[in-house]
Amino acid sequence: MKGLPKNWNTEIEKKITEKWKKSEMFNFNPKTKKEIYSIDTPPPYVNAPIHIAQAITYCFMDMFARYKRMKGFEVLFPLGLDRNGLPIEMGAEKKFKVSPFKIGREKFIEYCKKLISDGSKETQDSFAKLGISFTSYKEGSHIGAVYKTDSPEYRTLTQSTFIELYKKGLIYEDVRINNWDSKLQTTIADSEIEYKDLISEFVYVKWKIKETGKEIIIGTTRPELICTCGMIIFNPKDEKHKHLKGKTAISPLFKKEIPIKAHPLADPEKATGIVMMCSAGDLSDIQFFREQKLKPVIAINQDGTMNKNAGFLQGLKIKEARKKIIEKLKEKNLLFKQEKITHRTPISERSGAEIEFIEMPEFYLKQLEFKEEIRKISKKINFYPESSRKILEDWIDSISIDWPISRRRFYATEIPLWYSENGLVAVPQQGKYYKPWKEKVPENADVLDNGKIIGKVKDFKHKWTGEERIFDTWMDSSISELYILKYKQDNEFFKKAYPATLRPQGKEIVRTWLYYTLLRGYLETGQPCFKDVWVHQHLLDEKARKMSKSLGNIINPQKIVEQSGAEAIRFWAATEGDLSKQDLSVSPQRIDSEKKTLNKILNVSKFVMLFDKPKQKPKTEKFDELFINYIEELTEFSDKKYAKYNFHHPALKLRNFLWEIFASHYIELVKSRAYNQNKKFTKKESDSAKYTLHFLLERFLTLAYPIIPQITTTIAKEKKINLLKQEFPKAKKPKSNLKLIDELVNFNSKVWKKKKDKSISLRNEISGIKIPKSLKDFEKDLIVAHGLV
RNA sequence: GGUCCUAUAGUCCAGUGGCUAAGACACUUCGUUUACACCGAAGAAACAGCAGUUCGAUUCUGCUUAGGACCACCA
């Protein structure tokens, strides 16, 4: 009792977490004989302080890690810091008000590095304050070290895997129509596009039929693309337009002849039922052009301006061009009518720019031919919850093109290739980090001609130019599990540790992070790269709205740690809801009120520690046996649920046990027997009570330890128990009829109520109450505790 | 437009084919009983709507509504 504080508070937490952070006590032993349990944690971006969602999901991962250690696993729980890619670049552009297109690549990268230089430390501190038991809080080359996705080591692995895939012919360059972000000046993948309903102008334009001279009306949201129109279509079932079949349309203003065909793509119910097919309207147009073997006309430049194919619109930005052509159509009386509609518009997730479709050469990683394999290996993985598997399967079904992996940006892993003037490609050796845009080609790089190795660079006297493009960040992120398991760095360990055990992640990145990781893992090893996947939902604000800067409802986890403490956050996270099942609303008040439970734990512990634990286990009374059995059952329940990543139901039961069963009923009833001041009980009977008090407390602390490690270890330490090294208890089968506990609870309430009705103090005697038959075994305790006469 | 998830008191969240639908926060009243006023006791308060299956539905099914996620070719 000496060491326990009066209240649980953040001052105590500070001391504990600082010590834990320095201690490195969960170091990973590579020579272990234990089974390895590894968590492929999602590296947070370091350009901003950690978000409440990261704080809480890492608390859950920590519960998983601590539980698995208790179950005898060698746990690998590393912290990664994501420092690559567009978010970092955009942060640097904004913070330092610089543009890479003006100051140049080299200088811009310096600004990026400046932006992330102190963010990493802050992130680590935040996690430490939450009591997260990472394998290590130190950087280095040891297994489980803190790693950075922009470190030479990480980038080396990204490049090494690329080099291998490239030589295997799984990566190809192709000129295709790409999603183009004109703000960021780069190609982006389908998965980086989101759709927004934007208001746009829907215009009905008059076209002429060459053969009959008659007019037709075509609706479009992209009149500036009339110049790229390759075909006019109507639905084959559309009777009213049947007469157009085989005729030729003349495009307004541009006066080009366009064939008219019947095609099921046109919906007779929409607009006028006639569609102009352009070569850059959206991705469906692109498919259509391929199918019809039409030659696309590209009218938009990479910077988002119109080119010479757009005639009088040349030089204008897309939106200006749209305005101008509408004016012109009006002027020439070619505009039938105009209306405003909301239009689902593809937007770049990273920059918010409207996506354009532009033809350019980019690298692709083959994925279409592996769809079936990925589906197959994903069936071998356990999903928690099972329903999240469908998100992945739906995504695999909908993949229709290979993965564009090159980007035209700056702060990310470079594509390690050099080119000669006569079309040869130099591919360097694996195992080093290359920057082709500023480095000379290595002498020992392989020279490839059309995919075949024909020698080394030193054998050729060519002038080599370094590749300037970089990888999509998912190329880095999708090998995180390979990196933490030391792929291509420590083969012996990798063999032992692969596949990784758990991938924890949000549902919104199933189609990116999870899918791409499965693909890359399969390409490298031919196996599923995880055993388990835990998919969580979203964290929302108090009113269940999404947290966003514009709403101003972002909850800062630092503040909550300071006000309520990590233990309150963690216990709240476990009890408030099931994050794998539904979104969780974060309420600082509710988190704060969890402090009550923490103090209850302290007070119960103080009471139990008023009594010495008998050195020898006494023969326990039937009454005590009942409660021991109860917590044995709770032990089995928690074990089963924890193993399935469910901490919610055990947490609720543990809280109920603490307040109701243990504090209100067991303790109240055995108090007199434990004190035994009037010697109404034998020493044996009293010892049984003391022993049971300690037993129940210790077991409670052990079960709650993964959820609230700080307070439980603090109390256990007073009892000379080191919970950090404790095994998870093996539950014994209950022998008592546990329903008797409910009857006891009812009986106690009845007595308390009666005393209250009669205005009798709870410690005074009361007469006329009969003990039910079922509780006869506990008669003595009940009579003394309640003062029944 | 399609698919998936969710719907229980003022708020958050358990649970169930029939039992008095549990607990927490907030609220009202009473109490200060040898661990605890960050306490104890008592109280008020809920199964989104409609239909179906059933002897019986809050629970199972369908539809509707609302919220969320994802997907899709709407010119």
Side-chain angles (χ1 to χ4, degrees), chain A residues 1 4 6-9 190-191 194-195 202-204 218-222 225 232-233 264-267 269-278 281-288 341 343-344 385 387-395 397-400 506-508 510-511 535 537-538 540 542-546 572 575-578 580-587 589-611 648-649 652-653 655-656 659-660 663-664 667-668 671-672 675 677 693 749 752-753 755-757 759-764 787:
Chain A
M1 181 170 165
L4 288 183
K6 194 166 186 310
N7 295 312
W8 188 255
N9 58 63
D190 288 357
S191 54
E194 57 182 8
Y195 289 83
F202 193 70
V203 294
Y204 291 79
I218 300 177
T220 178
T221 53
R222 302 295 303 265
L225 294 177
I232 302 287
I233 57 165
L265 202 61
D267 182 344
E269 301 302 314
K270 276 168 190 164
T272 59
I274 314 175
V275 188
M276 65 172 209
M277 300 307 291
C278 302
D282 56 48
L283 287 171
S284 73
D285 297 343
I286 296 157
Q287 249 169 358
F288 181 85
I341 54 155
H343 176 65
R344 246 177 107 68
S387 60
S388 58
R389 182 193 300 278
K390 207 164 170 5
I391 306 175
L392 176 70
E393 286 175 346
D394 285 352
W395 174 246
D397 283 343
S398 69
I399 293 169
S400 63
K507 63 174 164 181
E508 76 287 354
V510 167
R511 64 174 173 152
V535 177
Q537 308 284 306
H538 289 309
L540 307 171
E542 248 166 311
K543 289 171 190 149
R545 295 171 307 178
K546 228 180 191 170
W572 168 85
T575 51
E576 184 83 345
D578 185 347
S580 70
K581 199 174 135 201
Q582 62 203 183
D583 295 344
L584 202 53
S585 284
V586 180
S587 155
Q589 282 91 334
R590 301 173 69 82
I591 292 174
D592 200 59
S593 52
E594 286 303 340
K595 283 201 277 194
K596 278 175 146 183
T597 297
L598 300 176
N599 285 313
K600 192 72 176 179
I601 298 174
L602 275 182
N603 279 310
V604 166
S605 305
K606 279 187 215 167
F607 174 76
V608 170
M609 282 186 254
L610 287 175
F611 307 98
H648 179 226
H649 290 115
L652 289 175
K653 280 210 172 194
R655 184 169 65 188
N656 179 253
W659 285 88
E660 295 300 316
S664 294
I667 287 182
E668 290 305 327
K671 248 179 198 176
S672 6
Y675 280 115
Q677 277 161 338
L693 283 168
S749 301
W752 287 327
K753 191 166 182 189
K755 282 190 175 177
K756 195 186 163 177
D757 289 346
S759 302
I760 300 172
S761 162
L762 286 182
R763 63 169 130 177
N764 289 341

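Proteins come first, then strands; the chains are lettered A, B, ... in the order of their sequence lines, and each starts at number 1.
- Residue contacts for Lys6(A): at a heavy-atom cut-off of 4.0 Å it reaches no nucleic acid atom on any strand shown.
- A41(B) and U6(B) have their P atoms separated by 35 Å, with the value rounded to a whole Å.
- Annotation: C5(B) and U61(B) have their P atoms spaced 10 Å apart (nearest Å).
- Residue contacts shown for Gly506(A) are absent, as no nucleic acid heavy atom lies under 4.0 Å away.
- Remark: the separation of the C1' atoms in U65(B) and A48(B) is 8 Å, to the nearest Å.
- Across all their heavy atoms, Trp659(A) and Ser664(A) have their closest contact at O-OG, 3.0 Å.
- To the nearest whole angstrom, the two C1' atoms, one in G43(B) and one in G2(B), are 50 Å apart.
- A donor-acceptor contact closer than 3.5 angstrom links the side chains of Gln537(A) and Lys507(A).
- When both pairing distances are held under 3.5 Å, C12(B) makes a Watson-Crick or G-U pair with G23(B).
- With a 3.5 Å ceiling on both atom-pair distances, the Watson-Crick or G-U wobble partner of A48(B) is U64(B).
- In this structure, Asp397(A) reaches neither bases nor backbone, as no heavy-atom distance under 4.0 Å exists between it and the strands shown.
- Contact between Leu602(A) and Leu4(A) at its shortest, heavy atoms only, is CD2-CD2, 4.2 Å.
- Comparing the same atom, P, in G40(B) and in C25(B) gives a spacing of 9 Å after rounding to whole Å.
- Among all heavy-atom pairs drawn from Leu225(A) and Met276(A), the shortest one is C-CE, 4.3 Å.
- One finds a side-chain N or O of Lys596(A) lying less than 4.0 angstrom from the OP1 or OP2 phosphate oxygen of C25(B).
- Taking atom CZ on Phe607(A) and atom C1' on C38(B), their separation rounds to 19 Å, with Å as the unit.
- Remark: U34(B) base-pairs with no nucleotide; criterion is Watson-Crick or G-U wobble with both hydrogen-bond distances under 3.5 Å.
- Look at A41(B): its Watson-Crick or wobble partner, with both distances under 3.5 angstrom, is U29(B).
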Let me have a per-nucleotide readout for nucleotides 60-69 of chain B, 5' to 3', with B, S or -, counting only protein heavy atoms under 4.0 Å.
-> --------SS
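- The base of C36(B) lies outside donor-acceptor range of the side chain of Asn599(A), with no N or O pair under 3.5 Å.
- Nucleotides A66(B) and A45(B) place their C1' atoms 23 Å apart, quoted to the nearest Å.
- Lys653(A) contributes atom NZ, which lies 15.5 Å from atom OG1 of Thr575(A) (distance to the nearest 0.5 angstrom).
- Residue Ser605(A) holds its OG atom at 11.0 Å from CG of Leu610(A), rounded to the nearest 0.5 Å.
- The shortest heavy-atom contact between Val535(A) and Pro385(A) is O-CD, 3.5 Å.
- In terms of position along RNA chain B, the nucleotide closest to Ser387(A) lies nearer the 5' end than the nucleotide closest to the other residue of the pair Glu594(A) and Ser387(A).
- For a distance-only test at 3.5 Å, the side chain of Lys390(A) fails to qualify as a donor-acceptor partner of the base of C4(B).
- If you take NE2 of His648(A) and C1' of G23(B), they are 11 Å apart, rounded to a whole angstrom.
- Closest approach to the Ser593(A) side chain among A41(B), C25(B), C12(B) is made by C25(B) (side chain taken as heavy atoms from C-beta onward).
- Listed nucleotides C36(B), U6(B), A42(B) differ in distance to Gln582(A); the shortest reach to its side chain belongs to U6(B).
- Nucleotide C25(B) holds its C1' atom 9 Å from the CD atom of Glu576(A), rounded to whole Å.
- In this structure, Asp578(A) places its CG atom 11 Å from P of A7(B), rounding to the nearest Å.
- Between Leu540(A) atom CG and Asp583(A) atom CG the span is 4.5 Å, to the nearest 0.5 Å.
- Atoms CH2 (Trp8(A)) and C1' (C38(B)) sit 15 Å apart, rounded to a whole Å.
- If you find the closest nucleotide of RNA chain B to Thr272(A) and to Ser605(A), the one lying nearer the 5' end belongs to Ser605(A).
- For U58(B), there is no paired base (Watson-Crick or G-U wobble, both distances below 3.5 Å).
- Glu594(A) has no carboxylate O lying under 4.0 Å from a charged side-chain N of Lys600(A), or vice versa, which leaves the two without a salt bridge.
- Comparing the P positions of C4(B) and U64(B) gives an interatomic distance of 13 Å, to the nearest angstrom.
- Separating the CD atom of Glu660(A) from the C1' atom of G40(B) is a distance of 11 Å, rounded to the nearest angstrom.
- Judged by Watson-Crick or G-U wobble contacts below 3.5 Å, the nucleotide G1(B) has C71(B) as its partner.
- Residue contacts for Ile667(A): at a heavy-atom cut-off of 4.0 Å it reaches a base atom on one of the strands shown.
- When rounded to the nearest whole Å, the span between CD1 of Ile591(A) and P of C38(B) equals 21 Å.
- Listed candidates were C38(B), G40(B), A14(B). Nearest to the side chain of Asn7(A) is C38(B).
- Which of U3(B), A24(B), U34(B) sits closest to the side chain of Arg590(A) comes down to A24(B).
- When the P atom is compared between G18(B) and C70(B), the two are found 37 Å apart, to the nearest whole Å.
- Taking atom CG on Leu392(A) and atom C1' on C4(B), their separation rounds to 14 Å, with Å as the unit.
- The heavy-atom pair separating Ile667(A) from Leu693(A) by the smallest distance is CG1-CD2, 3.9 Å.
- Here Lys600(A) reaches the OP1 or OP2 of G40(B): one of its side-chain N or O atoms lies under 4.0 Å away.
- In terms of phosphate contacts, His649(A) brings no side-chain nitrogen or oxygen within less than 4.0 Å of OP1 or OP2 of A14(B).
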